[in-house]
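The structure displayed is predicted, hence computed values, not measured ones. Order of listing sets the numbers, starting from 1, for every ligand and every atom in it.
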Amino acid sequence: MKAVVFHAIGDIRLEEVPDPVIQEPTDAIVRITASAICGTDLHFIRGTFTGMKEGTILGHEAVGVIEQIGEGVRNMSVGERVVIPSTIACGYCSYCRAGYYAQCDNANPNGPSAGTAFYGGPQPAGGFNGLQAEKARIPFAHVNLVKLPDEVSDDQAILLSDIFPTGYFGADLANIKPGHTVAVFGCGPVGQFAIASAKLMDAGRIFAIDRLPDRLDIARSQGAEVINFDKEDPVQTLKQLTGGIGVDCVIDAVGVDAQCPHHGPAAAEAQKMEEQFSKQVQQIAPEQHPQGGNWVPGDAPSQVNLWSVEALAKAGTLSIIGVYPPTDKAFPLGAAMNKNLTIRMGNCNHRKYLPRLVELVRNGSFDPTRLITKVSKLESVIDAYKAFDTRQPGWLKVELIPGSTKA
Ligand SMILES: NC(=O)c1ccc[n+]([C@@H]2O[C@H](COP(=O)([O-])OP(=O)(O)OC[C@H]3O[C@@H](n4cnc5c(N)ncnc54)[C@H](O)[C@@H]3O)[C@@H](O)[C@H]2O)c1
Ligand SMILES: [Zn+2]
Ligand SMILES: [Zn+2]
């Protein structure tokens with residue numbers, strides 16, 4: 001089968017690889033009908049999240065049809081349409097039973113303390129082959145597959161695999177109460193779903209911060225009040241728009257590849273931080289292989305941490321869903337502590353939210369498809385990766401269709 005294979009930092013390829021096989025009675029094999037590219041995949045290729053093994057298939061988003069099931073899977077049948085949650089869980093440990101699927105004790109072969117297991121990730125995350133492929137092996141299939149009703153299309157369901165649950169998780173962690181003011185840093189796909197989810201939770205006002213006009217336009221079309229950090233100082237603007245108070249909640253949907261402003265009134269402050277930011281980048285990403293403008297790490301890993309803490313009202317809540325690697329130690333702890341902030345964060349417990357979100361899409365409460373802006377054949381995946389990596393205008397979320405003539 002064809003799959004996107006990680007070779008090295010700055011080197012991914014579409015290749016022919018062996019088909020997956022059932023290894024445990026609780027496994028299933030799914031034929032993938034839609035996959036996608038996530039901002040998390042970019043961190044691995046840029047070198048800002050290390051530990052990827054050469055030969056690992058990338059990707060952690062997919063929708064498909066069950067092709068084979070192990071004899072231990074009692075709730076699924078061959079031929080059923082399913083969405084695959086990005087993180088892998090067992091469904092019976094104390095963490096899974098409490099809804100912390102991303103901290104499952106059994107899914108990660110490196111042991112209970114190794115942390116979140118997910119497809120297409122580094123060795124410490126289990127080294128599982130990913131979902132940017134024609135087929136995939138799904139462990140603990142009784143809990144890691146969610147059936148899809150006929151009314152939910154593949155185009156809708158692919159957004160349920162990772163980014164809608166992650167945006168919803170971000171809004172949930174942010175403790176949003178009706179009327180609250182919420183700032184979402186980052187208007188990539190995850191930020192857009194955080195905005196949509198904050199609306200579902202009755203936020204009073206939502207502010208969206210980025211520097212890319214096409215992404216800010218989409219945020220504005222969702223009803224967010226937009227701030228371009230290359231034109232305005234985001235902290236000052238948030239303060240000014242909230243009567244000097246700051247916002248009740250911040251959702252960080254950027255992560256380690258954050259950039260600092262190079263234009264506008266906030267650039268001078270960022271310039272003063274240049275040496276510190278560049279030390280952070282060196283420490284987080286000692287190996288980098290940028291090529292022709294691609295796979296360039298962000299230049300300010302802690303920029304969003306600094307802005308979030310400053311922009312929050314006293315006793316506000318910071319929700320961090322942007323991904324930071326375990327090697328990142330740059331958080332402004334003192335400033336946060338002295339404002340009595342609540343800080344919540346983590347990898348999404350996708351499986352916890354999926355049934356509710358599938359139903360919201362099925363009953364028409366929310367149609368996520370307007371946030372897919374590009375559909376690509378798996379054959380063109382490397383070009384699609386490059387366009388998404390450099391955030392070309394219009395490349396917000398890329399759906400990949402294996403073996404198709406659709407795109
Ligand atoms: N916690 C989870 O389970 C989970 C799941 C999926 C994705 N993620 C993470 O969410 C983050 C976003 O993913 P994505 O697919 O939307 O990626 P993306 O790279 O497309 O989006 C990031 C956006 O942040 C903007 N940005 C950069 N610096 C900024 C700054 N200083 N202030 C405001 N905006 C800034 C960029 O212009 C871009 O639009 C990534 O870190 C990804 O790894 C986390
Ligand atoms: Zn993801
Ligand atoms: Zn578990």
With heavy-atom distances below 4.0 Å as the criterion, list the atoms of ligand 1 near [X].
| X | value |
| --- | --- |
| A258 | 28 (N) |
| P189 | 14 (P), 15 (O), 16 (O), 20 (O) |
| G255 | 41 (O) |
| G186 | 24 (O), 33 (C), 34 (N) |
| L212 | 37 (O), 39 (O) |
| V304 | 30 (C), 31 (N), 32 (N) |
| C38 | 6 (C), 7 (C) |

Once you restrict to heavy atoms under 4.0 Å, what part of [X] touches ligand 1? Side chain, backbone, both or neither.
| X | result |
| --- | --- |
| Q192 | neither |
| T87 | neither |
| V254 | both |

Subject >> Non-hydrogen side-chain atoms of N347 and F118 separated by less than 4.5 Å >> reply: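 Not touching, per the 4.5 Å side-chain cut-off.
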Less than 4.0 Å is my threshold; does some heavy atom of [X] fall inside it relative to ligand 1?
| X | value |
| --- | --- |
| R211 | no |
| F388 | yes |
| W307 | yes |
| S86 | no |

Nearest-neighbour protein heavy atom for [atom], which is reported as residue plus atom name and distance:
| atom | value |
| --- | --- |
| atom 17 (O) of ligand 1 | G39 CA, 3.6 Å |
| atom 18 (P) of ligand 1 | R215 NH1, 3.8 Å |
| atom 12 (C) of ligand 1 | A253 O, 3.2 Å |
| atom 30 (C) of ligand 1 | F229 CE2, 3.4 Å |
| atom 44 (C) of ligand 1 | I321 O, 2.9 Å |
| atom 5 (C) of ligand 1 | T166 OG1, 3.2 Å |
| atom 22 (C) of ligand 1 | R391 NH2, 3.9 Å |
| atom 8 (N) of ligand 1 | T40 OG1, 3.5 Å |

Subject >> Audit row: K272, E269, salt bridge (Lys or Arg N to Asp or Glu O under 4.0 Å) steps and yes/no >> reply: CA-CA 5 Å; K272 286 189 215 150; E269 193 59 35; 3.2 Å; yes
Polar contact flag for [X] and ligand 1 (N/O pairs, less than 3.5 Å):
| X | result |
| --- | --- |
| Q303 | no |
| V256 | no |
| D210 | yes |
| C348 | yes |
| F185 | no |
| Q259 | yes |

**OP:** Give the C-alpha distance, both sets of side-chain angles, the deciding distance and a yes or no for side-chain contact (heavy atoms from CB on, under 4.5 Å) between V375 and I401.
**Re:** CA-CA 7 Å; V375 181; I401 312 285; 3.6 Å; yes
Original post:
Taking 2.8 Å as the cut-off, does an N/O/S atom of D162 lie below it from the Zn ion (ligand 2)?
Top reply: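 Yes, within the cut-off.
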Original post:
Hey, what's the angle at the Zn ion (ligand 3) spanning SG (C93) and SG (C90), nearest 10 degrees?
Top reply: 110°
Verify the distance criterion only: is there a donor paired with an acceptor across the side chains of [X] and [Y] at less than 3.5 Å?
| X | Y | answer |
| --- | --- | --- |
| D155 | S153 | no |
| Q283 | Q280 | no |
| D257 | T48 | yes |

**OP:** List the atom of N228, the atom of R211, and the distance in Å for their closest heavy-atom pair.
**Re:** OD1-CA, 3.4 Å
Subject >> Shortest non-hydrogen separation from I284 to P301 and the atoms involved >> reply: CD1-CB, 3.8 Å
Original post:
Please state the angle at the Zn ion (ligand 2) spanned by SG of C38 and NE2 of H60: what is it, rounded to 10 degrees?
Top reply: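 About 110° at the Zn ion (ligand 2).
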Original post:
Between N106 and Y92, is a side-chain contact (heavy atoms from CB on, under 4.5 Å) present by the stated rule, with each step listed?
Top reply: CA-CA 9 Å; N106 298 310; Y92 56 83; 3.3 Å; yes
**OP:** Kindly assign one of parallel, tilted or perpendicular to the pair F164 and F366, based on the angle between their ring planes and the thresholds 30° and 60°.
**Re:**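 F164 vs F366 ring planes: tilted.
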**OP:** Please step through side-chain hydrogen bond (donor to acceptor under 3.5 Å, both in side chains) for the pair H60 and D162, ending with a clear verdict.
**Re:** CA-CA 8 Å; H60 52 260; D162 181 19; 3.0 Å; yes
**OP:** Could you walk me through whether C187 and Q192 pass side-chain contact (heavy atoms from CB on, under 4.5 Å), step by step?
**Re:** CA-CA 6 Å; C187 296; Q192 299 292 346; 3.5 Å; yes
Original post:
Between R391 and D214, does at least one N-O distance fall below 4.0 Å, as a salt bridge requires?
Top reply: no
Original post:
Looking at R356 and E359, does any basic side-chain N land under 4.0 Å from a carboxylate oxygen?
Top reply: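 No.
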Subject >> Pair R81-T33, side-chain hydrogen bond (donor to acceptor under 3.5 Å, both in side chains): steps then yes or no >> reply: CA-CA 9 Å; R81 280 180 72 234; T33 52; 6.0 Å; no
Subject >> side-chain hydrogen bond (donor to acceptor under 3.5 Å, both in side chains) evaluation trace for D252 with Y324 >> reply: CA-CA 11 Å; D252 169 354; Y324 294 87; 2.6 Å; yes
**OP:** Have a look at V190, D41, I163, V184 and point out the one with the heavy atom closest to atom 13 (O) of ligand 1.
**Re:**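 When every heavy atom of V190, D41, I163, V184 is considered, V190 comes closest to atom 13 (O) of ligand 1.
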**OP:** Apply salt bridge (Lys or Arg N to Asp or Glu O under 4.0 Å) to D389 and R46, showing your working.
**Re:** CA-CA 9 Å; D389 171 60; R46 294 174 186 154; 2.9 Å; yes
**OP:** Evaluate the side-chain contact (heavy atoms from CB on, under 4.5 Å) criterion for residues T87 and N349: first the C-alpha distance (whole Å), next the side-chain angles of each, then the deciding distance (0.1 Å), finally the verdict.
**Re:** CA-CA 7 Å; T87 40; N349 302 303; over 6 Å; no
